[in-house]
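We use all heavy atoms of the structure for the numbers below, so side chains are in, but hydrogens, waters and symmetry mates are not.
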Amino acid sequence: MKAALELIFIGVSDVDRAKRFYAEQLGWGCDHDQRVTDGVRFLQVTPPGSACSFAFGEGITPMRPGEQKGLQAVVDDADAARADLLARGVECTEIDEMAWGRFVFFNDPDGNAWVLQQLPARG
């Protein structure tokens, strides 16, 4: 069976604030922002170059705000990724050097935790 991970849900407390953070501050594409019914709003964002998108909204997940931890994306250059986050006003950690890569950690406004990893050189 072939399977591709393409959508992950995130719990947020304020959909408009989360949209500003992900789409405007981080610069991720806002693919959908649909009010389906009075109690359901579906919003989907996708990081540039990613095959996986992230969804949040009203009435779409039982996940509590800030409950999603350890979301990890691979970047080409941890230094450049950290510099980009800082330039966009996103608080993040110093680069954490480990044998299995270089890592930068940050949270969204609700405390959902993200990790950016630069893979080690292969060879």
Is there a side-chain contact between Val15 and Phe56, using heavy atoms and a 4.5 Å cut-off? yes
Parallel, tilted or perpendicular, as decided by the 30° and 60° cut-offs, for the rings of Phe42 and Phe9: perpendicular
Could you tell me whether the side chain of Val12 reaches within less than 4.5 Å of the side chain of Arg17, counting heavy atoms only? no
Please tell me if the side chains of Cys92 and Phe105 come closer than 4.5 Å, counting only heavy atoms from C-beta onward. no
Quick check: closest heavy atoms across Trp100 and Pro120, and the distance to 0.1 Å? O-CD, 3.3 Å
Donor-acceptor pair, distance only, cut-off 3.5 Å: does the side chain of Ser13 make one with the backbone of Pro65? no
Return the minimal non-hydrogen interatomic distance between Ala78 and Gln118, and the atom names on each side. N-OE1, 2.8 Å
Please round to the nearest 0.5 Å and tell me the distance separating atom CG of Asp33 and atom CG of Asp16. 7.5 Å
In this structure, would Ile95 and Met98 fall into the same cluster of hydrophobic residues linked by side-chain contacts under 4.5 Å? no
What residue pairs, at least two apart or across chains, pass salt bridge (charged side-chain N to carboxylate O under 4.0 Å, His left out) with a residue in residues 5-15? none
Determine, using the 4.5 Å side-chain heavy-atom cutoff (strictly less than), whether Val90 and Ile10 are members of one ILVMFWY cluster. yes
Nearest heavy-atom pair of Val115 and Phe103: which atoms, and what distance? CG1-CD2, 3.6 Å
Would Leu7 end up clustered with Val40 when hydrophobic side chains under 4.5 Å apart are linked, directly or stepwise? yes
Roughly how far, to the nearest 0.5 Å, is the CD atom of Gln25 from the CG atom of Asp108? 10.5 Å
Please confirm whether the backbone N or O of Asn112 pairs with a side-chain atom of Asp110, one donor and one acceptor, at under 3.5 Å? no
Exceeds 12 heavy-atom contacts within 6.0 angstrom, atom CZ of Arg64: no
Enumerate the salt bridge (charged side-chain N to carboxylate O under 4.0 Å, His left out) contacts for residues 90-104, please, sequence neighbours excluded, ordered by first and then second residue. Asp79-Arg102, Arg82-Glu94, Glu97-Arg102
Check: Ile8 and Gln68 side chains under 4.5 Å, non-hydrogen atoms: yes
Step by step, work out the salt bridge (charged side-chain N to carboxylate O under 4.0 Å, His left out) result for Asp84 and Arg88. CA-CA 6 Å; Asp84 184 61; Arg88 293 173 180 275; 3.0 Å; yes
Minimum heavy-atom separation for Lys69 to Gly111, with atom names? NZ-O, 2.6 Å
Would you find a donor on one side and an acceptor on the other, under 3.5 Å apart, between the side chain of Gln72 and the backbone of Gln117? no
Do Tyr22 and Cys30 have side-chain heavy atoms sitting under 4.5 Å apart? no
Should Glu58 and Leu43 count as side-chain neighbours, where that means a heavy-atom distance under 4.5 Å? no
Determine, using the 4.5 Å side-chain heavy-atom cutoff (strictly less than), whether Val45 and Leu26 are members of one ILVMFWY cluster. yes
Below 30° counts as parallel, above 60° as perpendicular, anything between as tilted: where do the rings of Phe106 and Trp114 land? parallel
Among the clusters formed by ILVMFWY side chains lying less than 4.5 Å apart, do Leu5 and Leu71 turn up in the same one? yes
Taking it one step at a time, do Leu85 and Leu116 satisfy side chain to side chain contact (heavy atoms under 4.5 Å, CB included)? CA-CA 11 Å; Leu85 288 172; Leu116 302 179; 3.8 Å; yes
